[in-house]
Structures are given as C-alpha cells and as structure tokens.
Amino acid sequence: MRSLEQVLTDGIRDIPDYPQAGVVFKDITPLLADHTGFGQVVEALAAAGTDDDGQPIVDKVVGIEARGFILAAPVALALGAGFVPVRKKGKLPAATYEESYALEYGEATIEVHQDAFAPGDRVLVIDDVLATGGTVEACLRLIRRCGAEVLGTAVLLELSFLPGRKRLQGEAVTALVTV
Ligand code: AMP
C-alpha cells in the first residue's frame, strides 16, 4: 500500500493561474478518481474525529461547499455521524444563519440551516484546502451560533505561505499535508 504522503502527492495537482493569474489551484480530482487513495484519505481525515482509542467522538461532520462536501460525506459515514452542508449564500432552502468574511476582492457569505445541529452536538469540519482561513473561521462561527461544539477541523492540504493557521490559533486544525 502506498503511504498517505505518496497518495496525496500522486492525487493533488497544481494548476497554475486558475481561477486567476498568480493563483496555483490545488486540483484534487485525480485523488477522487483513485479508489484506494480516496479511501486512505477518508480514513485519515476521519481520524480527526476519534479519541486516542480510535473511537468516534463526533455527532456531525460539516462539509464546506463544494469540494468539502465530497470529502465530508464519506468521513461522516465512516464515523457513524450525520453530514451537514455549509453552503454559499442562497443555496439552502430552509431558514439559515449566515456569516460573511473578507476575500482579497470583496466579500463572501456562507450559510447553514438553523436546525442542522442538536444543542451540544460535537462537530468535525472538513474542507480540501486551508488558505487564508477565512472560510473555516466563518464556518466555525456558524456552528457555534447554532449551539453546537466544534471539536476540530481537518483539511487535505494547508498552504503554509498563507496565514490560515495563525488566523485559526486556538482551534484544533489537522492538515494531512502542508506545502
Ligand atoms: P480560505 O478561506 O482563503 O482559507 O480559502 C479556502 C477555500 O478556498 C477552500 O474552500 C478551498 O477550496 C478554496 N481554495 C483557496 N485556495 C485554493 C487553492 N490554491 N487551490 C484550491 N482551492 C483553494
């Protein structure tokens, strides 16, 4: 079996100047198409939602639109937990809470259903890439507004040249690989 590191190296490719000049986009579609590798990655992400004995300790797994959905849903199943989508504004049909955060140019807003969590639910957040940390930070605010408890955040890949980890100081953040 390949190491997790090898799986991530094989499965995440750099697409320069996408979606705009100067950005190197981390494309995870080769990883998603690799059944064995995808399974190893889901297992590694799910470990962030277990205790020292490997027992699941989360009630809900949140996926952040859109690539976070693809990773979080199998993680939720692996942990025996529910899946909750956090979506861009205007996509969720029932009553929502929303949080906005600054982008390099302008602002973004994400939402969650107000009844997505039971009070005190323990939550693991999943996304593909941690860049500036603004998205995860807003997502954690949403979860806490719902009265749920954030146990941690797990991402496939962290961009260490951006201030994501610093911004999320005090939060439990796991990255499977840091570049
Ligand atoms: P941020 O809020 O800056 O941490 O950005 C995180 C969100 O933007 C995640 O949902 C990522 O999917 C996406 N993202 C940011 N930078 C990249 C990148 N270089 N490659 C792929 N996705 C990215």
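Order of appearance sets the numbers: ligands from 1, and atoms from 1 within every ligand. Below, all heavy atoms of this structure are taken into account, side chains as well, without hydrogens, waters or symmetry copies.
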Can you list everything that forms a salt bridge (Lys or Arg N to Asp or Glu O under 4.0 Å) with Asp53? Sequence neighbours excluded, please. none
Looking at Arg141, Lys166, Arg144, which one forms a salt bridge (charged side-chain N to carboxylate O under 4.0 Å, His left out) with Glu171? Arg144
The criterion is side chain to side chain donor-acceptor pair (under 3.5 Å); which residues satisfy it with Arg2, sequence neighbours excluded? Asp10, Asp34
Near ligand 1, at a heavy-atom separation below 4.0 Å: residues by chain and residue number: Val24, Phe25, Lys26, Arg67, Asp127, Asp128, Val129, Ala131, Thr132, Gly133, Gly134, Thr135, Leu159
Show the numbers, then the answer: is there a side-chain contact (heavy atoms from CB on, under 4.5 Å) between Leu157 and Leu8? CA-CA 9 Å; Leu157 188 138; Leu8 293 163; over 6 Å; no
List the atom pairs, donor and acceptor, that lie under 3.5 Å between side-chain atoms in residues 68-91 and the rest of the protein, sequence neighbours left out.
| from | atom 1 | to | atom 2 | distance (Å) |
| --- | --- | --- | --- | --- |
| Arg87 | NE | Glu65 | OE1 | 3.1 |
| Arg87 | NH2 | Glu65 | OE2 | 3.1 |
| Lys89 | NZ | Glu98 | OE1 | 2.7 |

Let me confirm one number: the OH-CG distance from Tyr97 to Leu92, rounded to the nearest 0.5 Å. 14.0 Å
